[in-house]
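The block underneath contains the structure these notes are about, expressed in structure tokens.
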Amino acid sequence: MSRLIDKKLSRRRFLGTSTCALATATVGSQARVLKALAESGEVTTSKVAGSKDVFTACGMCVNKCGVIARVRDGRIHKLDPNPDYIKSRGMLCARGNAGVKVVYDPDRLKYPLIRAGKRGEGKWRRASWDEALDLVAKKMNAIAEKYTRAGVMFASTEGTFQEHFFLQMAECFGSPNTVRHPTLCLSSNIQGFSATYGTFPTPDVLNSDYIIMAGANRSEALITPDSIDQLKGDGGRRKLVYIDPRFTKTAAKADEWLPIKPGTDMAFVLAMIHVIVAEGLYAKDFVETLTVGFDKLVPHIKPYTPEWAEKECEIPARDIRRIAREFAKAAPKAVFYPGRRSSFADDDVQLRRAMAILNAVIGNWDTEGGLVPNSKIKLQKHDYLAPWYDDVPERIDKGSAVFLSEKDGSWTAMRDRILAGKPYPVKGMMIYKQNVVMSVPNRAKTLKMMDQMDFICTIDITMSDTAWYSDVVLPEATYLERQDPLESLSGILPVVAFRQPCIEAMFESKPNLWIMQNLAKRLGSEIAETFDFTMDDLIHHQVSKNPKILKDLKSNGVHYMKVLPTYGLTRGKRLRTKTGKIEIYSANYAKKGLDPLPVYTKHAEVPAGKFRLLVGRNAYFTHWTTANNAYLHELMPENTLWLNTTSAKKLGLIDGQKVKVKSPVGEGTLKLEVTDKIRPDCVYMAHGFGVLSKGQSLIYGVGACDAALIEEKLEPISGNVAMHQTFVEVSPA
Amino acid sequence: MSAIVNKPGQMLWFFLLGGCLIAAAAAAGYSFMVGHEQAFNVTRGVPWGILIATYVFLAISCSGLCLISSLGHVFGFEEFTLICRRAILLAILCLMGAFGAIGLDLERPFNMIYTLLSPNFSSAIWWMGTVYGVYLGVLVIEFYALMTDNHKLSMITGSLGFLFAIAAPSVLGSVFGLTLARPFWHGAFLPVYILITALVSGTALISMVMYFQHALRGLEMDEKDRRVIRLLGRILRLMLFVLIFSVFWNIIVGLYGAQPGHYEPVKALVSGSLSANFWLGEIVIGLVVPLFLLMRKNRTPFSTMMASLMALIGMFFMRYDMTVAGQIYPMRQGAKGLTDGLFTYSPSVSEILIVIGCIAFSALVYTLVEKFLSLDLESEHHSQATPDNS
Amino acid sequence: MKKKRYAIVLDTRRCIDCKACTVACKAENDVPLGDDKFRNWVSEEPLRGRYPNLGQSFAPSQCNQCENPPCNSVCPTSATGITAGGIVTVNPDKCIGCKYCMLACPYDARYFNEETGVIDKCTFCIQRIAVGRIPACVETCPTKVRTFGDLNDPNSEVSLLLAKNRYRVLKPELGTKPFLFYLI
Ligand SMILES: Nc1nc2c(c(=O)[nH]1)N[C@H]1C(S)=C(S)[C@@H](COP(=O)(O)OP(=O)(O)OC[C@H]3O[C@@H](n4cnc5c(=O)[nH]c(N)nc54)[C@H](O)[C@@H]3O)O[C@H]1N2
Ligand SMILES: Nc1nc2c(c(=O)[nH]1)N[C@H]1C(S)=C(S)[C@@H](COP(=O)(O)OP(=O)(O)OC[C@H]3O[C@@H](n4cnc5c(=O)[nH]c(N)nc54)[C@H](O)[C@@H]3O)O[C@H]1N2
Ligand code: SF4
Ligand code: SF4
Ligand code: SF4
Ligand code: SF4
Ligand code: SF4
Ligand SMILES: [Mo]
């Protein structure tokens with residue numbers, strides 16, 4: 001059924017470079033007895049024998065901060081920040097510090113498990129790796145045989161530095177149906193900014209004098225180095241304007257907090273552009289030479305007055321006007337922060353376009369304190385030649401969005417088509433480091449989709465809700481137990497990071513490369529050959545053009561090229577847009593039938609007696625994954641429903657009572673938190689509770705799950721999901 | 001001459017106390033096994049609970065007993081020589097019970113050796129421990145002297161005991177009074193107040209014992225006995241009066257000016273989490289009703305006993321409330337587990353069982369001694385009481 | 001060489017209440033699990049104002065390593081002591097667990113550690129100082145709220161901070177002479 005073309009060509013192209021094994025690099029070990037300060041003899045001398053310090057990178061969230069693991073007698077005692085790691089400014093957050101509890105979590109997956117009862121029943125049988133992988137390979141092949149190779153979907157998320165082995169598996173197995181996190185997260189943001197600048201730039205928060213953050217909660221949703229840099233430096237003139245329906249911890253640190261009506265940010269941004277254009281505050285030279293379409297913007301922006309915007313977004317016109325003037329005055333060291341997760345409303349791409357245009361008109365591009373294109377340190381890629389198969393259809397979600405990423409797909413569009421079985425059936429799921437039951441909105445629908453699968457295999461480190469509903473669960477070694485390939489992290493100051501094992505992998509957990517290699521062996525020699533290398537081989541190949549990278553990593557735990565930003569490198573060069581300039585007006589969008597300039601559209605209003613459900617992070621958890629971490633659990637043992645004080649009074653609800661929250665797609669019960677920290681028309685709950693898996697012993701049966709309540713809406717340009725358009729009822733439970 | 005009549009109630013009494021002791025031993029064993037953290041309800045916010053309150057209650061009662069008994073063999077008030085032996089025995093047993101309560105509250109009692117090896121003279125607890133330790137020795141010798149009618153020795157030890165009886169409660173009071181951080185305790189009031197309460201509990205205890213040792217043995221009270229009980233009632237009445245004033249002013253001072261850290265605990269007593277204890281336990285049971293009983297012209301030994309019993313119960317509440325109230329005001333903003341800005345505490349089953357055990361211990365040993373040794377003076381002659389005599 | 005006197009200077013305006021310091025301290029010092037077991041803490045001060053005019057600050061704190069520590073004066077066995085650098089420590093071999101020091105400390109800096117069976121408190125990570133490293137809570141803080149150093153060295157970062165800024169200490173009226181300094 002499938003035909004292989006010559007794959008020998010590029011196979012193991014890099015093997016020649018390496019023969020020596022990658023020696024574990026550690027910080028100068030402190031295997032000596034410490035005489036403590038004890039002048040008065042009060043302190044007992046602490047003995048630190050058999051200790052070693054290992055450089056690695058945090059694996060608790062997207063930021064991958066530099067870590068020095070302090071290992072004592074084969075046990076990781078403490079994770080300390082690597083002071084040289086410039087991206088994270090030498091810090092580790094609460095989650096980074098709690099990493100030790102991931103390794104020694106009694107709930108972690110220890111052995112391969114095969115489902116013994118009904119799906120979701122929680123009955124498991126411990127299996128050997130051989131048995132488990134045999135089963136996975138058999139099922140994958142059976143589905144490929146019965147349907148097509150596209151009948152197996154591959155869901156995954158970045159973060160482990162080993163995801164590309166999984167994607168390689170998908171490609172080599174021959175399925176086009178990979179689906180990744182960006183359409184649950186920031187794909188609309190990337191699309192909106194890229195359509196304008198040809199790239200998704202990074203704000204130079206450290207050097208900016210005026211920052212507007214809208215729906216980007218940097219004090220809690222940590223992004224390095226922005227979260228650190230957002231705070232005023234010594235006597236800085238810095239101003240931070242924060243726009244969010246919730247009074248978050250960023251709001252507490254901001255100079256101004258504007259509780260915007262959700263979904264109306266575009267009105268605010270357009271009105272700012274209106275003021276800047278109308279009052280001639282824009283960067284005239286810049287606009288003329290570096291942008292296209294300003295002439296079309298001028299008439300377009302006319303009707304979007306602050307007075308008009310006030311009615312939409314409920315921020316006073318006078319504030320909008322003032323902020324616009326202040327912003328233009330601070331330019332170009334002023335930035336309207338692009339934000340990260342942009343799964344807000346179903347016109348999000350156009351909102352991000354508006355933000356990009358606002359930045360452009362004040363001349364904020366590739367300059368100190370503004371938006372700066374990312375740089376990245378080059379690593380050699382592992383090339384392989386994927387087998388070729390005939391008769392494999394195109395992505396099932398093809399055409400569901402205007403600009404769909406080939407690799408990322410669109411999560412909810414894909415789910416809908418799988419449920420419809422159109423245009424073809426997808427009956428198998430391979431899942432790596434993604435908890436789809438929790439992270440894709442409308443949990444009931446995800447479970448329904450999983451229900452109709454012939455086979456589901458999840459590779460995780462703990463019994464996530466997704467693993468709970470799988471047929472085979474494979475335990476990956478945690479980030480502190482693995483050698484991971486080098487990863488190049490782009491940014492204004494790009495770095496290369498890596499992970500090395502601090503301790504031996506516990507129980508029978510294995511790194512993903514090992515899992516993929518051993519699965520590949522069972523799927524046939526063509527696939528197996530693409531995996532025919534060791535981690536050492538790969539790493540040496542990655543640095544074959546620049547061995548210093550590995551040397552730096554071994555001696556410092558991080559490699560970087562520069563410690564000070566360089567600006568203006570793109571000046572005089574073509575940008576990666578069609579016109580080579582900053583596209584205020586997008587001819588490309590016009591061609592696709594999209595608004596070439598952002599047009600404001602009204603969203604549905606909150607119906608009387610209901611509330612808009614908001615999604616958002618807190619500094620103690622990463623998505624759902626850390627709620628069951630013993631150290632973090634005690635910081636937030638349950639989630640609560642935030643409800644504004646006056647709204648609570650109207651409903652006759654009191655702080656601390658249990659309430660039922662009901663949406664068109666689900667419901668949940670949790671404790672009420674009556675607070676002034678949220679708009680009267682919204683409610684909010686933290687993500688991570690209301691789990692289905694009994695393998696989460698600290699949080700099972702606690703709190704409510706937002707994913708069960710959120711109605712998924714599709715953002716049609718990027719395929720991103722919109723998560724803040726669900727209206728819920730709140731009643732006493 | 002020990003004419004104790006076997007009564008059916010006696011078996012029950014011993015069984016009851018024995019049961020309490022066994023339960024307490026079990027609770028103590030459990031608390032050592034699972035750790036105090038698990039077994040006790042004391043917290044970071046309220047680290048001292050009912051065990052410390054019980055310690056204070058018993059230790060202070062001990063001093064009170066000494067003070068009363070010294071009226072007899074030290075100051076020569078003849079009437080009181082009658083009660084000396086019993087008072088001193090009770091004092092010893094109360095103190096032992098007290099040591100039991102605090103000992104079981106300590107996490108590492110065996111490290112006590114360091115109070116000797118590396119003493120800290122600025123520690124009020126060190127002084128309290130030392131004073132009460134020596135005090136116990138003095139009391140034992142005093143008891144020996146009284147039992148052997150060694151008047152010279154009993155005079156010396158009695159005088160010493162009297163000094164300790166004054167010093168010990170005030171040192172104990174200073175344990176609380178010297179904590180600068182806790183405005184509710186801090187100040188010169190506590191040592192004095194504790195001395196007053198010592199007299200209340202001492203008097204109440206001995207008059208109760210005097211009553212029961214007759215009633216239970218079925219002995220007729222002679223005029224001497226009645227007179228002593230009458231005197232004791234009078235002392236108790238006086239002390240209760242003084243105490244009411246102390247309590248009143250303590251409350252007023254606490255409420256007046258609303259000084260943070262002082263106001264809140266007083267508020268908790270008057271109208272907060274401790275108000276039931278305060279109004280019912282301290283004021284009604286502990287002060288008002290006993291005073292009423294003691295003011296009546298035609299009071300009988302029985303009503304004096306009732307007044308004493310209630311005063312004692314009131315004293316226990318007072319110790320408990322004082323101990324807890326001083327701690328409920330958090331030492332920092334944003335502390336967790338507060339209700340209306342204050343910590344709360346209620347004892348666990350293990351703690352309560354241990355408290356009962358400590359009291360039962362004193363009572364059991366006392367009754368055993370009563371049963372097997374004669375505490376009556378040579379001069380006393382008892383006659384059998386008629387059954388309806390109360 | 002002059003004797004050292006360690007101190008921590010805090011700039012709470014920079015605190016985002018991320019609680020990295022509390023988790024770091026727990027891991028570094030093997031503080032048992034439990035939300036009343038901690039050597040340091042971050043209080044969320046009450047919300048100021050009413051919607052939509054709100055303000056809130058966060059206040060990290062820990063033992064003040066008082067110059068005149070009441071916890072030290074009350075300890076019957078001298079288990080509590082002042083070591084080099086002015087750090088107040090508890091000797092686990094001598095502590096009887098009377099908890100008197102917990103009551104005497106005006107800052108709630110002490111807790112009972114059920115795993116060791118004795119009282120525990122912040123030691124400025126003395127085990128790290130001994131090998132030339134800074135305390136865990138100081139090092140890990142994303143926004144560098146805390147600065148650690150020797151106040152007897154006029155050129156140390158802490159000395160310079162105190163020379164340049166206005167500051168306050170907690171409950172100065174109690175005469176404990178704290179060595180945690182809060183910039184204002
Ligand atoms: N309701 C709601 N939904 C959301 C969001 C929200 O805020 N609220 N946020 C959205 C956003 S922005 C994103 S990026 C996505 C993220 O959603 P996901 O991509 O699903 O990421 P996580 O929820 O972090 O789940 C990661 C999974 O990987 C596992 N894991 C952790 N480490 C390892 C490892 O080393 N190896 C393996 N094999 N597995 C590991 C974890 O146990 C967990 O099950 O969620 C989106 N969905
Ligand atoms: N601690 C922590 N840090 C993280 C993560 C984590 O899980 N935990 N995840 C990482 C990932 S994957 C991502 S994508 C980023 C996400 O980083 P952010 O995008 O900053 O984070 P969120 O908290 O998801 O959303 C931000 C805020 O948007 C507000 N909001 C909702 N609707 C609207 C609206 O219509 N207008 C405006 N102006 N605001 C609105 C919400 O109240 C919320 O506070 O964080 C990253 N960092
Ligand atoms: S921000 Fe925190 S969780 Fe994320 S990588 Fe850094 S230390 Fe780890
Ligand atoms: S680590 Fe720093 S910013 Fe975070 S809570 Fe502690 S002091 Fe505040
Ligand atoms: S803060 Fe408390 S524990 Fe620390 S030295 Fe001062 S009194 Fe002692
Ligand atoms: S608990 Fe320990 S350290 Fe504290 S006062 Fe008692 S003996 Fe000293
Ligand atoms: S200095 Fe060390 S012991 Fe003290 S609070 Fe910080 S981390 Fe904990
Ligand atoms: Mo994300």
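Computed over heavy atoms, backbone and side chain alike; hydrogens, waters and symmetry mates excluded. Naming convention: chains lettered A, B, ... in sequence-line order (proteins, then strands); numbering from 1 in each chain.
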Non-hydrogen atoms of chain A under 4.5 Å away: do they reach the side chain of T123(C), the backbone, both or neither?
neither
When the 4.5 angstrom heavy-atom criterion is applied to R95(A) and chain C, the contacting part is neither
Does any backbone or side-chain atom of Y631(A) lie under 4.5 Å from a heavy atom of chain C? Answer side chain, backbone, both or neither.
both
Between the main-chain N or O of F58(C) and the side-chain N or O of K249(A), is there a donor-acceptor pair closer than 3.5 Å?
no
Honestly, the part of N618(A) sitting under 4.5 Å from a heavy atom of chain C is neither
Separation between NZ of K144(C) and CG of L231(A), rounded to the nearest 0.5 Å
12.0 Å
Measuring from E220(A):CD to C18(C):SG, what's the distance to the nearest 0.5 Å?
10.0 Å
Mark yes or no for whether E634(A), through its side chain, and G34(C), through its backbone, hold a donor-acceptor pair below 3.5 Å.
yes
Looking only at heavy atoms, which of residues 23-31 of chain C get nearer than 4.5 Å to chain A?
V23(C), A24(C), K26(C), A27(C), E28(C), D30(C)
Pairwise side-chain contact, I16(C) with R218(A), heavy-atom cut-off 4.5 Å (strictly under)
no
Counting heavy atoms not belonging to E256(A), are there more than 12 under 6.0 Å from its CD?
yes
To the nearest 0.5 Å, what is the distance between OG1 on T675(A) and CG on L54(C)?
7.5 Å
Spatial distance of atom OG1 (T140(C)) from atom NZ (K78(A)) [nearest 0.5 Å]
5.0 Å
Residues at least two apart in sequence or cross-chain that pass side chain to side chain contact (heavy atoms under 4.5 Å, CB included) with P32(C), listed by chain then number, are Y111(C), N113(C), E114(C), E115(C)
Output side-chain donor-acceptor pairs under 3.5 Å for residues 42-51 of chain C, partner residues at least two apart or in another chain, one line each.
unit_1: S43(C); atom_1: OG; unit_2: Q333(B); atom_2: O; d: 3.1
unit_1: R48(C); atom_1: NH1; unit_2: S57(C); atom_2: OG; d: 2.8

Is the shortest heavy-atom distance from the side chain of L33(C) to the side chain of K101(A) under 4.5 Å?
yes
Who pairs with E673(A) by side chain to side chain contact (heavy atoms under 4.5 Å, CB included), at least two apart in sequence or on another chain?
T640(A), W642(A), D655(A)
Heavy-atom pairs under 4.5 Å with chain C, option from D80(A), I228(A), L635(A), V100(A) with the top count:
D80(A)
Checking heavy atoms, do the side chain of L258(A), its backbone, both or neither come under 4.5 Å from chain C?
neither
Interatomic distance, Y620(A) atom OH to D17(C) atom CG [nearest 0.5 angstrom]:
3.5 Å
For a 4.5 angstrom cut-off between non-hydrogen side-chain atoms, does P81(A) reach E139(C)?
yes
